Amino acid sequence: MQCHSLRLFVLSTLAAALLGGLATPLASRWNEKKVKHAWHTIPENWVDLGHPSAGTTIDLHLALKSHDEDALIDALYEVSDPNHPRYRSYLSKEQVADLVAPHADTLELINSWLKHLGIPPSSVSRTLGSWLTLTGVPVSQANDILGASYRLYNHVETNHTVLRTISYSIPEALHEHIHTIVPTTYFGSPPTEGRKLRMRPNSAVWARAEAGSEESVKVLSSRDLEGYVSPSYVRWLYNTAGYRPAAVDRNVIGIAGYDEQYPSPKDLGLFMTEFRTDGEDATFSVVQIQGGGNDPDTPGIEANVDTQYAAAMTYPTTNVFYSTGGAPETVDPFFNFVVYMLTKETRIPQTITTSYGGPEYNFPLDHATRVCRLFAELGLLGVSVLFSSGDSGVGKGNCLLEDIHGHVSVHFIPEFPATCPYLTTVGGTTRDSPEVAAFLSGGGFSNYFDRPPYQANAVPPFLQTLGDKYQGYYYPGGRGVPDISAQALKIYIFFKGSLGAGGGTSAATPIAAGIFSLLNDYSISKGKGPLGFLNGWLYGSGLPGLNDIISGSNPGCNTDGFTAIAGWDPCESYHVTGLGTPDFAKLEEIIDES
């Protein structure tokens, strides 16, 4: 009753605010603007195309201060901690919205500001618990409101165009009440791990296989040869081969797709016929978000990898591919995807796999923080969200970064959203008996997010072993990535009718997600509900169900990177492979004991 009472109060307060009932005489303060975020120059690889055409409009999304900023994360940790009385006591969408609703003081100030700007209440809506959307704002007016200069920018490598500004400002009185406004200064890069793949006709031999590098391999003339990864191999390796899903009427796995990557049903059919004959009828449905396309005749390698391994790992579980698009004036694909899930999807998958990301520094801190909190909301609904850690080790290139004072130094480059503490990040391994860290596995420490409580015991031993090595190259108090790992090199895939091989953590992620989808299936079938946000369990009572990886490294930034050790590491000894790789049968037993 208390929660419902709060919701009624907040909604009525919001309604009054939008009608002008809480207006206060602050007009004299609205001209005192202060920069909220700015880049020193146009972000790397983006070219200024000039002003948009006259009449262009934009939807502005305002992330507002919640009435209790700690409530969301506190609740997430409670429902994901096996030792807490509220473990797996998930909330509804309405309850989550109540939990993050804006403070009454914030609504009062925002109302006064919007009234001063002449924004009609009819164009203002509450899209999420703590977000307001101003719909159809002319770009010229958006420039005036935010002290901005919106222009079109084109990415030189992908030809992707966005409508952005390199700085924006809001009245100083609102800085503590508005966390961020989007789209503004987030450019990023189109969210892809940049799959590389060498293909040959289906029956032909291969002289080369792509494993994230240009390494030569011996000629292959048949499938399932030593050193190459197939569904049967990973099902054997991670102990899922003997499990038959029992909750297929309730359990769903979602595959997030971006960057105009579309999966091919024909290629999936060939893949299953080749590698899992009992699942030749496997399929997936497609949901299109924010103009996301669906052209199976022009498939993408990443979309094929994701759908083929998700299906092969989880058959006959329902698979849904979410194709997320976005016109130049929209926010960013991760935001678009999560907003859809939280507001429009009526059957949110219990497991979601995402094989995309970008350098953390490309995301303004306020923007990354609020998007990360949206993933926390999914966790509170009982969703297990998995992201790939990246394919550049500790960082790509020389990793020379400039700080706000203009100083340039080497700094390891983790990827976002992988660094978000409220989802599970997947690194890469290779070989077996034992597995070792894959050289490309993204791993390290966030520069934005502090170490979460669930890593309090896991990470310090790794740092103690590391000592002063790489001092100044990373933030030792940051959230460590990855959390777990799976096979990532020489992965079989069908693409446009041909059999090939590829590699990367974006292949490891649907494999790992498939395993946890099966664990969700098992838990649901036993009447225990889904596992939800996984990390509290994995770093706690689930730890014995993981295979520790104690060798390998993830070079990058002209260094050898981190090295795997016993326990957590960014190279699977923690920062490369995290806690290890999942053993389905052991984790299944742990579920029984909980």
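The model shown is predicted, which means the values in this text are computed figures rather than measured ones. The first residue in the sequence is number 1, and the count goes up from there.
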(request) Mark yes or no for whether Asp432, through its side chain, and Pro434, through its backbone, hold a donor-acceptor pair below 3.5 Å. (result) no

(message) Please check if the number of heavy atoms outside Lys528 that lie under 6.0 Å from its NZ is greater than 12.
(response) yes

(request) For the residue pair Asn535 and Tyr422, confirm or rule out a side-chain donor-acceptor distance under 3.5 Å. (result) no

(request) Output yes when a side-chain donor or acceptor of Asn304 lies under 3.5 Å from a complementary backbone atom of Phe494, and no otherwise. (result) yes

(message) Taking the side chain as everything from C-beta on, heavy atoms only, tell me whether Thr317 gets closer than 4.5 Å to Val252.
(response) no

(message) Does any part of the side chain of Pro421, heavy atoms only, come nearer than 4.5 Å to the side chain of Cys372, both counted from C-beta?
(response) yes

(request) Please step through side chain to side chain contact (heavy atoms under 4.5 Å, CB included) for the pair Thr351 and Leu386, ending with a clear verdict. (result) CA-CA 8 Å; Thr351 310; Leu386 293 88; 3.9 Å; yes

(message) So Val385 and Phe533, do their side chains get closer than 4.5 Å, heavy atoms only?
(response) no

(request) Go through the structure and list residues passing ring pair (Phe, Tyr, Trp, His ring centres under 6.0 Å) with Tyr315, not counting sequence neighbours. (result) none

(request) Give the intermediate values and the outcome of ring-ring contact (aromatic ring centres under 6.0 Å, His included) for residues Tyr233 and Tyr228. (result) CA-CA 9 Å; Tyr233 172 79; Tyr228 284 77; over 10 Å; no

(request) Over all heavy atoms of both residues, which pair between Ser388 and Ala418 is shortest? Give the atoms and the distance, please. (result) O-CB, 3.5 Å

(request) Go through the steps for Val305 and Phe495 under the test side chain to side chain contact (heavy atoms under 4.5 Å, CB included), then give the verdict. (result) CA-CA 9 Å; Val305 170; Phe495 181 64; over 6 Å; no

(message) So Tyr243 and Asp521, do their side chains get closer than 4.5 Å, heavy atoms only?
(response) yes

(request) Test side chain to side chain contact (heavy atoms under 4.5 Å, CB included) on Trp131 and Leu342 and set out the steps. (result) CA-CA 12 Å; Trp131 290 74; Leu342 293 172; over 6 Å; no

(message) When you compare the side chains of Asn319 and Thr307, does any donor N or O come within less than 3.5 Å of an acceptor on the partner?
(response) no

(message) Looking at Arg88, I'd like to know if its CZ atom is crowded, meaning that more than 12 non-hydrogen atoms belonging to other residues, nucleotides or ligands lie closer than 6.0 Å.
(response) yes

(message) Using every non-hydrogen atom in the two residues, find where Gly254 and Pro349 come nearest and quote the distance to one decimal.
(response) N-CB, 3.5 Å

(request) For Asn520 and Ser517, test the side chains for any donor-to-acceptor distance below 3.5 angstrom and give the result as yes or no. (result) no

(request) For Ala486 and Ile511, work out which heavy atoms get closest and say how close. (result) CB-CG2, 4.2 Å

(message) I want to check something: taking the side chain as every heavy atom from C-beta on, are Leu237 and Glu435 in contact at a cut-off of under 4.5 Å?
(response) yes

(request) Hey, could you give me the CE/OG1 distance between Met341 and Thr324, rounded to the nearest 0.5 Å? (result) 7.5 Å

(request) Identify the heavy atoms of Met313 and Thr240 that sit nearest to each other, and give their distance. (result) CE-OG1, 4.0 Å

(request) Give a yes or no on whether the ring-centroid distance for His155 and Phe187 is below 6.0 angstrom. (result) no

(request) Drop me the distance from Ile591's CD1 to Leu519's CG, to the nearest 0.5 angstrom. (result) 4.5 Å

(request) Report the C-alpha distance between Asp592 and Tyr522 in whole Å, list the side-chain angles of each, state the deciding distance to 0.1 Å, and finish with yes or no for side-chain hydrogen bond (donor to acceptor under 3.5 Å, both in side chains). (result) CA-CA 9 Å; Asp592 283 336; Tyr522 180 74; 2.6 Å; yes

(message) Suppose we screen for side-chain hydrogen bond (donor to acceptor under 3.5 Å, both in side chains). Which residues come up paired with Ser323, at least two apart in sequence or across chains?
(response) none

(request) Indicate yes or no for a side-chain donor-acceptor contact from Arg276 to the backbone of Ala312 under 3.5 Å, with no hydrogens or angles considered. (result) yes

(request) Return yes if some donor-acceptor pair links the side-chain N/O of Thr273 with the main-chain N/O of Gly269 below 3.5 Å, else return no. (result) yes

(message) Has Gln455 got a side-chain atom pairing as donor or acceptor with Gly480's backbone, closer than 3.5 angstrom?
(response) yes

(message) On a heavy-atom basis, which atom in Thr419 and which in Pro414 lie closest, and how many Å separate them?
(response) CG2-CB, 3.6 Å

(request) May I ask you to decide if Phe334's main-chain N or O and Tyr356's side chain share a donor-acceptor pair within less than 3.5 Å? (result) no

(request) Rounded to the nearest 0.5 Å, what's the gap from OG1 on Thr298 to OH on Tyr262? Could you check? (result) 6.5 Å

(message) What's the separation between atom OG in Ser230 and atom CD1 in Ile491, rounded to the nearest 0.5 Å?
(response) 9.0 Å

(message) If we count only N and O atoms by modelled type, under 3.5 Å, do the side chains of Ser384 and Gln350 hold a donor and an acceptor together?
(response) no

(message) Please evaluate residues Phe335 and His367 with respect to the criterion ring-ring contact (aromatic ring centres under 6.0 Å, His included), reporting the C-alpha separation (whole Å), side-chain torsions for both, the decisive distance (0.1 Å), and the verdict.
(response) CA-CA 10 Å; Phe335 177 87; His367 177 92; 7.2 Å; no

(message) Within the 4.5 Å heavy-atom criterion, are Thr369 and Tyr448 side-chain neighbours or not?
(response) no

(message) Quiz question: by atom type and distance under 3.5 Å, do the side chains of Asp306 and Ser355 form a donor-acceptor pair?
(response) yes

(message) If you apply the rule side-chain hydrogen bond (donor to acceptor under 3.5 Å, both in side chains), what do you find for Asp59 with Thr133, and how did you get there?
(response) CA-CA 7 Å; Asp59 293 345; Thr133 296; over 6 Å; no

(message) When you compare the side chains of Asp81 and Tyr454, does any donor N or O come within less than 3.5 Å of an acceptor on the partner?
(response) no

(message) Less than 3.5 Å apart, any donor N or O on the side chain of Asp391 or Thr505 sitting next to an acceptor on the other?
(response) yes

(request) To the nearest 0.5 angstrom, please state how far the CD1 atom of Ile352 sits from the CZ atom of Phe375. (result) 8.0 Å

(message) Counting only heavy atoms from other residues, nucleotides and ligands, does the tally under 6.0 Å from NZ of Lys93 exceed 12?
(response) yes

(message) Between Ser80 and Leu76 (side chain of the first, backbone of the second, donor and acceptor by atom type, cut-off under 3.5 Å), is there such a pair?
(response) yes

(request) Please step through side chain to side chain contact (heavy atoms under 4.5 Å, CB included) for the pair Leu543 and Leu579, ending with a clear verdict. (result) CA-CA 8 Å; Leu543 187 58; Leu579 297 169; 3.9 Å; yes

(request) Output the distance between atom OH (Tyr322) and atom CG (Asn336), rounded to the nearest 0.5 Å. (result) 15.0 Å

(message) Could you report the tightest heavy-atom contact between Pro231 and Phe271, atom names first, then the distance?
(response) CG-CZ, 3.3 Å

(message) I'd like to know if the side chain of Gln261 and the backbone of Tyr258 have a donor-acceptor N/O pair within less than 3.5 Å.
(response) no

(message) Using a 6.0 Å cut-off, check whether atom CD of Glu588 has over 12 heavy atoms from anything other than its own residue.
(response) yes

(message) Determine whether a donor-acceptor pair (N or O, by modelled atom type, separation under 3.5 Å) exists between the side chain of Gln487 and the backbone of Arg431.
(response) yes

(request) May I ask you to test the Arg373-Leu72 pair for a side-chain heavy-atom distance under 4.5 Å? (result) yes

(message) Less than 4.5 Å apart, side chain to side chain, heavy atoms only: is that true for Tyr492 and Val229?
(response) no

(message) Is it the case that the side chains of Tyr539 and Asp483 hold a donor-acceptor pair, with the cut-off being a distance below 3.5 Å and no angle test?
(response) yes

(message) Could you check whether Phe416 and Tyr361 have their ring centres less than 6.0 Å apart?
(response) no

